[in-house]
Peer 1: 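This structure is in structure tokens; I'll ask about it shortly.
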Amino acid sequence: MTVMEQRGAYRPTPPPAWQPRTDPAPLLPDARPYRVLGTEAAGRTDPDLLLRLYRQLVTGRRFNAQATALTKQGRLAVYPSSTGQEACEVTAAAVLEEHDWLFPSYRDTLAVVSRGVDPVRALTLLRGDWHTGYDPHEHRVAPLSTPLATQLPHAVGLAHAARLKGDDVVALALVGDGGTSEGDFHEALNFAAVWQAPVVFLVQNNGFAISVPLAKQTAAPSLAHKAVGYGMPGRLVDGNDAAAVHEVLAGAVRRAREGGGPTLVEAVTYRVEAHTNADDAGRYRSESEVETWRAHDPIVLLEEELTHRGLLDEATRTAARDAAEAMAADLRARMNADPALHPLDLFAHVHARPTAQLREQAEQLRAELEAEAEGAGR
Amino acid sequence: MTVMEQRGAYRPTPPPAWQPRTDPAPLLPDARPYRVLGTEAAGRTDPDLLLRLYRQLVTGRRFNAQATALTKQGRLAVYPSSTGQEACEVTAAAVLEEHDWLFPSYRDTLAVVSRGVDPVRALTLLRGDWHTGYDPHEHRVAPLSTPLATQLPHAVGLAHAARLKGDDVVALALVGDGGTSEGDFHEALNFAAVWQAPVVFLVQNNGFAISVPLAKQTAAPSLAHKAVGYGMPGRLVDGNDAAAVHEVLAGAVRRAREGGGPTLVEAVTYRVEAHTNADDAGRYRSESEVETWRAHDPIVLLEEELTHRGLLDEATRTAARDAAEAMAADLRARMNADPALHPLDLFAHVHARPTAQLREQAEQLRAELEAEAEGAGR
Amino acid sequence: MTTVAARPATMAQALTRALRDAMAADPTVHVMGEDVGTLGGVFRITDGLAAEFGEDRCTDTPLAEAGILGAAVGMAMYGLRPVVEMQFDAFAYPSFEQLVSHVAKMRNRTRGAMPMPLTVRIPYGGGIGGVEHHSDSSEAYYMATPGLHVYTPATVADAYGMLRAAIASDDPVVFLEPKRLYWSKDTWDPEDPPAVEPAGRAVVRRRGSSATLLTYGPSLPVCMEAAEAAREEGWDLEVVDLRSLVPFDDETVCASVRRTGRAVVVHESTGFGGPGGEIAARVTERCFHHLEAPVLRVAGFDVPYPPPMLERHHLPGVDRILDAVGRLQWEAEN
Amino acid sequence: MTTVAARPATMAQALTRALRDAMAADPTVHVMGEDVGTLGGVFRITDGLAAEFGEDRCTDTPLAEAGILGAAVGMAMYGLRPVVEMQFDAFAYPSFEQLVSHVAKMRNRTRGAMPMPLTVRIPYGGGIGGVEHHSDSSEAYYMATPGLHVYTPATVADAYGMLRAAIASDDPVVFLEPKRLYWSKDTWDPEDPPAVEPAGRAVVRRRGSSATLLTYGPSLPVCMEAAEAAREEGWDLEVVDLRSLVPFDDETVCASVRRTGRAVVVHESTGFGGPGGEIAARVTERCFHHLEAPVLRVAGFDVPYPPPMLERHHLPGVDRILDAVGRLQWEAEN
Ligand SMILES: Cc1ncc(C[n+]2csc(CCOP(=O)(O)OP(=O)(O)O)c2C)c(N)n1
Ligand SMILES: Cc1ncc(C[n+]2csc(CCOP(=O)(O)OP(=O)(O)O)c2C)c(N)n1
Ligand SMILES: [Mg+2]
Ligand SMILES: [Mg+2]
């Protein structure tokens, strides 16, 4: 009797019903980054939106250049530029409603500014006069987060809290490719999926974490593929294609708003400049690699599309450029002054009310400052 | 002119070459847990292996029962039983070569014992006389790890170190379903994949993290689906089917040994007893749910297969039972004695050489103990 | 609420009652952590809360402490008052970055715009026969982190009052619960809870004139016992329960030490780098000319917390406290 | 090695040289961390190591500090001597659980069978105009963790010698590198490195008779400057560089304080709960009858580290040190 024949008579104990908790198929990202500009999909785009994004990209690029220049003039302690990534930065702000929240990472000053925060205030951290220069509640922008990926659970918690309260709030959280390796990334995505929190995670995969290229960061097919492990959809998009980023992010935000839960979006882009003004990118990558990406510049891509559609005349270009220059001039002027500093602020916000010890320490500093002033007065 | 017609003449800037870093398709787990016993695949199994596993399961079950009994007698501080999960526990040890390493989680005393560690030594942690009772190098078993998931990066580091040295070592690391939510799980899997370290991660998904059911732990299609996000294969297996677990783990170990890199295996099983002897499982799950799983018991499954194939006679059963009883009797006897304690060991291994301060403190304790002994002697 | 007993009540019951009352009084109070919902926590402190207030108010989270605390930070940003339970002291460590870099600093970072009115409850300390990682005294880490408040009750009534105060605080509070006092009983009546008083003050638990024992949490009962035993030796010891390690009540502490002229700090935490150094140093700075002897410390040894069968040798006990009191240079007085 | 300059050398160069020599001397030494390979680290301390020893010996890891340290633990289990670089002080916090629960405890847990001969290099402290999270002084956390050694060099020669000693140590060492001294220069000759001496000893950097400044790392140069300035006020200050916070060199420290009768502890770390409490307390315990005044502390304020434009108000400077010396009750002497 063969084993096969035996099977007929044999009724093994059935396993308890087992079901995949969600169907994995729709969670998987496309095989290649989604593009709109220069593809058939571009025909569906709203010309006004494209023009608006164009103006913002031009201003954004200028902002990055101006901020980098300010480091050279000693007006900023450091600036991590998002040049080349402006399509992600401005779009992250553009897809949100006023009552939504943005959770930026340390590189995302441009997204913060695009959301309406006064550039001078947005740059406070990098200028060095205080850690955060704006009231997060005013524009619903969390502080720029320096410890990588730590802002992601904050976004989840805030979105969850808003949903519990019945408020219409979506949180969009930004993180870099390097940040996806941190445990906090994992924990945040898991919480978001379990709680079905209205959060969108946008990973700007700009190819590097300082000097470390993506290949040393992950062996995943794409970062968007991480989504399936949390039971949320992963979307892969060309991060230099502003229209594509807009469509994908807007869709994810809509989904979150409608109760569909979180989405992980990976935008494939490139950090065209060095990590910060203090970094020497020549130590870890070739100029020719950078050149490839300069050719795929988000502004150029959009200009080509707009030009092709006859939407970009010289007047529009000039207006965009002028607006950017005006922003830069204003920023330059306002940053070209020493901020008013209050040394006793050191003690003002450590606790709701200073402890007796902090009051003593503040008194000590006050006395020192007075002595200093007297000494200077003499 | 329509947009479509325009496309013809328009050559948008091409994106830089983008390739998924690995093909995701082969990384995805099967849609349902892989089974062998009671399926056609059972015909391929080695009868000797099945019989060996059978004997180990019977002994393992008895070990769990005996250890739980020892808590009632006050001989163990606590015991987290792996009853119902013995197929995973004994197989995790069975698939390894002598020079491989096992990284157990706190519930895996049975895996440690199955690897050859003296049960009394394996139980030292839970008895409470020292944190680890065995020399990890002797059987290449890391200490039972209580902080969940923290042992996973250790396994990766060890496997990586061995590979750098050119040694033939595979590390098999155990973790629970709850442990997969920790950041360390994420970081370990990512490091393993980037380094292509010879590690196998076995998640025993036993349905609960203490009281928290899997549905509150993750929204993923399965825990095995997390693998794709790291670029390693995910395998889903019926954790109560010893033959299936053996086949899948042995395959993953082989792959790792041959330089194919890490694998994530999710074994779907069930914690039949309470979290520990101190837990009251009735507070969070129904007896009927437990009953469903008792019917899918790993020993019963294997007995059915063996019986059906005519491999299990009464003598074999009796021999297995007798061996288990002998193990239990020996364990009972040897645990039924107060371990020799050396209070000054508190200071012996904090550093390679005790600091001056620790020497002082040891002297203080020695004096106290002497005074105590004198007092008792009086 | 089914578990609140009539008097006498345990510290565990008082804590449960505090959570319940805080949740009833303020809909923004949310309890979250591992096993806090259906199970009511491994120490049953959150027992009944999910049933009474729903799982959205008392939530079983995934098993990830950084995620729990990080999510709580986000919830606090939105105006909630999260009360996080860490299952054991050593299992709070994964959330250390969230605690130090965000919880402690968010208010300061935003010039007060984003306060962090959250409470992190951590069962701490040893003496319960716990296996490794279940008996750490981690208060030194939290004391060294500006921006946090650190409370630890030692009595049933304080467990209630201080937990209410912690939850009501607009600042983040690390609330350290001495595990081995969970089942300590007192005649405090849970049905008639005391008014919530602002924490931050130490209290003299026993008046005495010979020397002051400065202690907190799990070591308070040991010090009370030592003070009783000291009478035989002719010492009349004062015992101060610090209650709040941050803010530190220099006033009460120094008043006592100035009165007695001698002090011993007693805690379970390791001596080197532990809380006792700070306490002894600041008392000495402030009371130097009143001191007849250096402020001594009785603490856990400078070793990783021992396994259950050896912990009695590690924990400060009555004898070790009396030995230290004996070393307070009594001859020098004459 | 292309970056090691002729004398005088910077502390950064001495550290690089120490790593290089350690790697050359012992094939089990592996350097790992974020950006340590191709880039040579953000402070260039690992510059040239990947080129000389290959990427398997000096490895750019994924961006995950717990993973880095956890993997290093596993590598140490297999007999390697990992040297981990944390990029900045505050970015070591994600690895806190691995450090406290494993690195510090593994040897003890296994009765010596599994030592952890690994080094965790952490650039620490402020004064470099760093934005938030780039200037923390986190030594109190590590001092409070039994099982770790904690070293911090203050001179170029010590940077070399102590890092070699840390790597050679069979115990885990948290090696705190004062960032603002990275570019400090000394005539130490990298081509003729001093013999590696066992760390764990303090050293008197300046002899004096009036009072002792107890300090370490970034505050040593400030104290030396203060000692010079004090001469104008008629004080002849002794300066002790602690070098090793764990183990602590009570002998050298107490010998100095007994000689001078007065002491001030100086460090950047916040005062409350910071290292100074332990230091002051243990000095007082041991030298009480030699003290003319309480041991005072000059430390960072009890606030989160300030933004660059305000840090000068936070950091202990010469004036604040002299003020403290002035409060050492000089009248009482007469
Ligand atoms: C927890 C933590 N570790 C390390 C750092 C130091 N650091 C700052 S930026 C950076 C690289 C970030 O790379 P990525 O996430 O890809 O963002 P990108 O800089 O490309 O925008 C590192 C390692 C940090 N800020 N936080
Ligand atoms: C870091 C950490 N957090 C919390 C705990 C407390 N704890 C012990 S077991 C357990 C549940 C573990 O669940 P799972 O990972 O599924 O393993 P199982 O118990 O089912 O084997 C928890 C929360 C711990 N040991 N470590
Ligand atoms: Mg990047
Ligand atoms: Mg489980």
Side-chain angles (χ1 to χ4, degrees), chain B residues 101 103 125 130-138 140 142-147 149-165 167 169 171 173 182-184 186-195 197 199 345-358 360, chain D residues 27-28 30 32 54 56-57 59-80 82 94-95 97-98 100-102 104-118 146-149 169-172 198 200 244 246-251 282:
Chain B
W101 272 80
F103 283 79
L125 169 74
W130 198 257
H131 307 297
T132 298
Y134 51 92
D135 177 346
H137 294 286
E138 198 178 325
R140 285 149 308 281
L144 289 153
S145 179
T146 302
T150 56
Q151 71 280 13
L152 305 181
H154 304 172
V156 176
L158 182 136
H160 177 63
R163 202 172 66 120
L164 289 181
K165 238 188 123 185
D167 293 351
V169 171
E182 290 281 4
D184 276 17
H186 175 70
E187 301 188 11
L189 268 75
N190 189 43
F191 273 64
V194 169
W195 286 349
V199 197
D345 278 4
L346 287 184
F347 307 98
H349 304 293
V350 181
H351 304 289
R353 276 172 305 278
T355 59
Q357 290 79 13
L358 284 177
E360 276 171 29
Chain D
T28 68
H30 282 243
M32 55 199 286
D56 284 345
R57 294 281 306 281
T59 309
D60 281 331
T61 62
L63 209 169
E65 293 79 6
I68 296 170
L69 193 56
V73 167
M75 291 163 71
M77 284 175 159
Y78 202 74
L80 300 187
S95 64
E97 181 188 32
Q98 285 290 345
V100 172
S101 292
H102 290 302
K105 299 195 172 106
M106 191 67 80
R107 170 188 288 277
N108 185 64
R109 175 178 303 146
T110 59
R111 292 187 192 273
M114 267 194 161
M116 283 286 119
L118 61 80
L148 302 177
H149 287 196
S169 168
D170 288 335
D171 285 320
S244 166
V246 185
F248 192 86
D249 184 355
D250 285 312
E251 207 178 302
R282 60 193 305 114

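Order of the sequence lines sets the chain letters (A, B, ...), proteins ahead of strands, with each chain counted from 1. We use all heavy atoms of the structure for the numbers below, so side chains are in, but hydrogens, waters and symmetry mates are not.
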Peer 1: Give, as side chain, backbone, both or neither, the part of D:Arg282 having an atom under 4.5 angstrom from any heavy atom of chain B.
Peer 2: side chain
Peer 1: So for D:Ala66, is it side chain, backbone, both, or neither that comes closer than 4.5 Å to the heavy atoms of chain B?
Peer 2: both
Peer 1: Using non-hydrogen atoms only, which part of D:Pro62 is less than 4.5 Å away from chain B: side chain, backbone, both, or neither?
Peer 2: both
Peer 1: Can you say whether B:Ala188 sits under 4.5 Å from chain D via the side chain, the backbone, both, or neither, judging by heavy atoms?
Peer 2: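 Contact with chain D involves no heavy atom of B:Ala188 at all.
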Peer 1: If you take all heavy atoms of B:Pro153 and D:Gly67, which pair is closest and at what distance?
Peer 2: CB-O, 4.2 Å
Peer 1: Looking only at heavy atoms, what is the nearest atom pair of D:Ala71 and B:Phe191, with distance?
Peer 2: CB-CD2, 4.3 Å
Peer 1: Check B:His154 against D:Gly70 and note the closest heavy-atom contact, atom names and distance.
Peer 2: CD2-O, 3.3 Å
Peer 1: Where does B:Glu182 contact chain D at under 4.5 Å (heavy atoms): side chain, backbone, both or neither?
Peer 2: neither
Peer 1: Can you give me the closest heavy-atom contact between D:Arg109 and B:Pro143, atom names plus distance?
Peer 2: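 Of all heavy-atom pairs spanning D:Arg109 and B:Pro143, the closest is CD-CB, 3.8 Å.
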Peer 1: Checking D:Thr28 against chain B: side chain, backbone, both or neither under 4.5 Å from a heavy atom?
Peer 2: neither
Peer 1: Kindly compute the distance separating CG (D:Asp171) from CZ (B:Arg353), expressed to the nearest 0.5 Å.
Peer 2: 7.5 Å
Peer 1: Between D:Met32 and chain B, with a heavy-atom cut-off of 4.5 Å, which part of the residue counts as in contact: side chain, backbone, both or neither?
Peer 2: side chain
Peer 1: Heavy-atom distance under 4.5 Å to chain B: side chain of D:Leu148, backbone, both or neither?
Peer 2: backbone
Peer 1: Tell me if a side-chain donor or acceptor on B:Gln357 pairs with a main-chain N or O of D:Pro247 at a distance below 3.5 Å.
Peer 2: no
Peer 1: Under a 4.5 Å heavy-atom cutoff, which of B:Val169, B:Val194, B:Asp167, B:Thr146 has the most pairs with chain D?
Peer 2: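 Maximum pair count with chain D is reached by B:Asp167.
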Peer 1: Below 4.5 Å, heavy atoms only, C-beta onward: do B:Trp101 and D:Met77 meet side chain to side chain?
Peer 2: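 Contact flag for B:Trp101/D:Met77 side chains = no.
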Peer 1: Kindly compute the distance separating CG (D:Asp249) from OG1 (B:Thr355), expressed to the nearest 0.5 Å.
Peer 2: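 Here the rounded value is 11.5 Å.
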Peer 1: So which atom in D:Met75 and which in B:Gly157 form the shortest heavy-atom distance, rounded to 0.1 Å?
Peer 2: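 Heavy atoms only, the tightest pair is CG-O, 3.2 Å.
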Peer 1: Can you say whether B:Tyr134 sits under 4.5 Å from chain D via the side chain, the backbone, both, or neither, judging by heavy atoms?
Peer 2: neither
Peer 1: Check for a donor-acceptor pair, side chain of D:Gln98 on one end and backbone N or O of B:Thr150 on the other, with a separation under 3.5 Å.
Peer 2: yes
Peer 1: Let me confirm one number: the CZ-CG distance from B:Arg163 to D:Asp56, rounded to the nearest 0.5 Å.
Peer 2: 8.0 Å
Peer 1: What's the spacing between B:His349 NE2 and D:Thr110 OG1 if we round to 0.5 Å?
Peer 2: 8.5 Å
Peer 1: Name the option with the most non-hydrogen atom pairs under 4.5 Å to chain D; the candidates are B:Leu152, B:Leu346, B:Asn190, B:Asp184.
Peer 2: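 It is B:Asp184.
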Peer 1: Would the number of heavy atoms belonging to other residues, nucleotides or ligands and lying under 6.0 Å from CD of B:Glu360 be above 12?
Peer 2: yes
Peer 1: Which atoms of B:Ala356 come close to chain D, meaning under 4.5 Å heavy atom to heavy atom: side chain ones, backbone ones, both, or neither?
Peer 2: neither
Peer 1: Please flag which part of B:His351 lies under 4.5 Å from any non-hydrogen atom of chain D: side chain, backbone, both or neither.
Peer 2: both
Peer 1: With a 4.5 angstrom heavy-atom cut-off, which part of D:Glu65 approaches chain B: side chain, backbone, both or neither?
Peer 2: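 For D:Glu65, backbone heavy atoms alone lie under 4.5 Å from chain B.
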Peer 1: With a 4.5 angstrom heavy-atom cut-off, is it the side chain or the backbone of B:Thr132 that approaches chain D, or both, or neither?
Peer 2: both
Peer 1: Applying side-chain contact (heavy atoms from CB on, under 4.5 Å), can you list everything that pairs with B:Val350, at least two apart in sequence or on another chain?
Peer 2: B:Leu358, C:Val303, C:Pro304, D:Asn108
Peer 1: Starting at CG of B:Leu164, measure out to OG1 of D:Thr59 and round the result to the nearest 0.5 Å.
Peer 2: 7.0 Å
Peer 1: When you compare the side chain of B:His137 with that of D:Met114, does any pair of heavy atoms fall below 4.5 Å?
Peer 2: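 Result yes, sub-4.5 Å side-chain heavy-atom pair found.
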